[in-house]
Amino acid sequence: MNGKIARTLAVGAGAAAVAVGGAAPALAAPAAAGVVSLHDLPGYGGESHTLLVNGSGTFCFQVGSLDNRVSSIQLSDVRVQVFDDPGCFGSGLNLVSSVPDLGPIGWDNRISSVRITAA
């Protein structure tokens, strides 16, 4: 994997698989309603943590090993709020599209939790 670490978490109704370390899951996960990929380098590079949301609802996630290390974020079919405290508390920012570099908007290495809303 060229030195990159990837973590994937599938949640929601019908979530069938979780892939850790970039390994393919034994069972194919159902089509995800939404995807959020957090990266520790600008331009969607470096270590990543991907959250797959299957179904609808609102979910709060800690960013795990990327706590206060997220530098870029990719979104697909979700609404996202990022927070600088665990548990989706503290200062927050609504994101409506992917952000290749969180630095210019003051959120580089600041995110501790993410609230994802999928339709």
Side-chain angles (χ1 to χ4, degrees):
M1 275 187 24
N2 298 330
K4 294 182 181 178
I5 298 172
R7 291 183 178 86
T8 303
L9 174 64
V11 299
V18 175
V20 177
L27 299 173
V35 179
V36 175
S37 292
L38 308 166
H39 301 267
D40 73 344
L41 295 176
Y44 315 119
E47 183 178 340
S48 67
H49 185 94
T50 300
L51 305 167
L52 306 174
V53 179
N54 182 26
S56 60
T58 300
F59 308 91
C60 179
F61 297 96
Q62 310 307 97
V63 299
S65 64
L66 292 182
D67 188 25
N68 294 317
R69 294 180 44 223
V70 176
S71 293
S72 56
I73 186 169
Q74 288 179 296
L75 311 178
S76 177
D77 299 324
V78 292
R79 291 181 304 171
V80 169
Q81 292 175 289
V82 295
F83 296 89
D84 60 3
D85 287 339
C88 295
F89 291 104
S91 296
L93 175 70
N94 292 320
L95 299 176
V96 296
S97 63
S98 297
V99 181
D101 187 353
L102 291 163
I105 60 172
W107 278 83
D108 188 33
N109 298 323
R110 187 171 164 189
I111 298 170
S112 289
S113 57
V114 177
R115 179 179 295 142
I116 302 171
T117 303

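Here the structure is a predicted model, which means the values were calculated and not measured. Only this structure's heavy atoms are used, side chains among them; waters, hydrogens and symmetry mates stay out.
If you chain together hydrophobic residues whose side chains sit under 4.5 Å apart, Val82 and Leu75 fall into the same group. A single hydrophobic cluster is seen to contain both Leu95 and Val63, as judged by linkage of ILVMFWY side chains at heavy-atom distances under 4.5 Å, directly or through other members. The hydrophobic clustering, which links ILVMFWY residues whose side-chain heavy atoms are closer than 4.5 Å, places Ile105 and Ile73 together.
Proximity of Asp85 to Ser113: side-chain heavy atoms (C-beta onward) are nowhere separated by under 4.5 Å. With contacts defined as side-chain heavy-atom distances shorter than 4.5 Å, the pair Ile111/Leu102 qualifies. Within the 4.5 Å cutoff, no side-chain heavy atoms of Cys60 are placed close to those of Phe83. Gln74 is not listed as a side-chain neighbour of Ser48, based on a closest heavy-atom distance of 4.5 Å or more. Side-chain contact between Trp107 and Val70: absent, with no pair of heavy atoms (C-beta onward) separated by less than 4.5 Å. In this structure the side chain of Leu66 reaches within 4.5 angstrom of the side chain of Glu47, judged on heavy atoms.
Within the 3.5 Å criterion, the main-chain N or O of Pro86 finds no donor-acceptor partner in the side chain of Ser112.
Among the candidates Arg115, Gln81, Gln62, the single residue satisfying the side-chain contact (heavy atoms from CB on, under 4.5 Å) test with Cys88 is Arg115.
When every heavy atom of Ser65 is checked against every heavy atom of Arg69, the shortest pair comes out as O-NH1, 2.6 Å. Across every non-hydrogen atom of Ala118 and Val78, the tightest pair is CB-CG1, 4.3 Å. Smallest separation of non-hydrogen atoms from Tyr44 and Ser72: N-OG, 3.0 Å. Smallest separation of non-hydrogen atoms from Arg110 and Ser91: NH2-CB, 3.5 Å.
Distance CG/Asp40 to CG/Asn68: 12.5 Å, rounded to 0.5 Å. Summarising the geometry, atom CG belonging to Leu93 is positioned 10.5 Å from atom CG belonging to Asp84; distances are rounded to the nearest 0.5 Å. In this structure, Leu38 CG and Asp67 CG are separated by 11.0 Å, a value rounded to the nearest 0.5 Å.
Applying the side-chain hydrogen bond (donor to acceptor under 3.5 Å, both in side chains) test to Thr117 and every residue at least two apart in sequence or in another chain returns Thr58.
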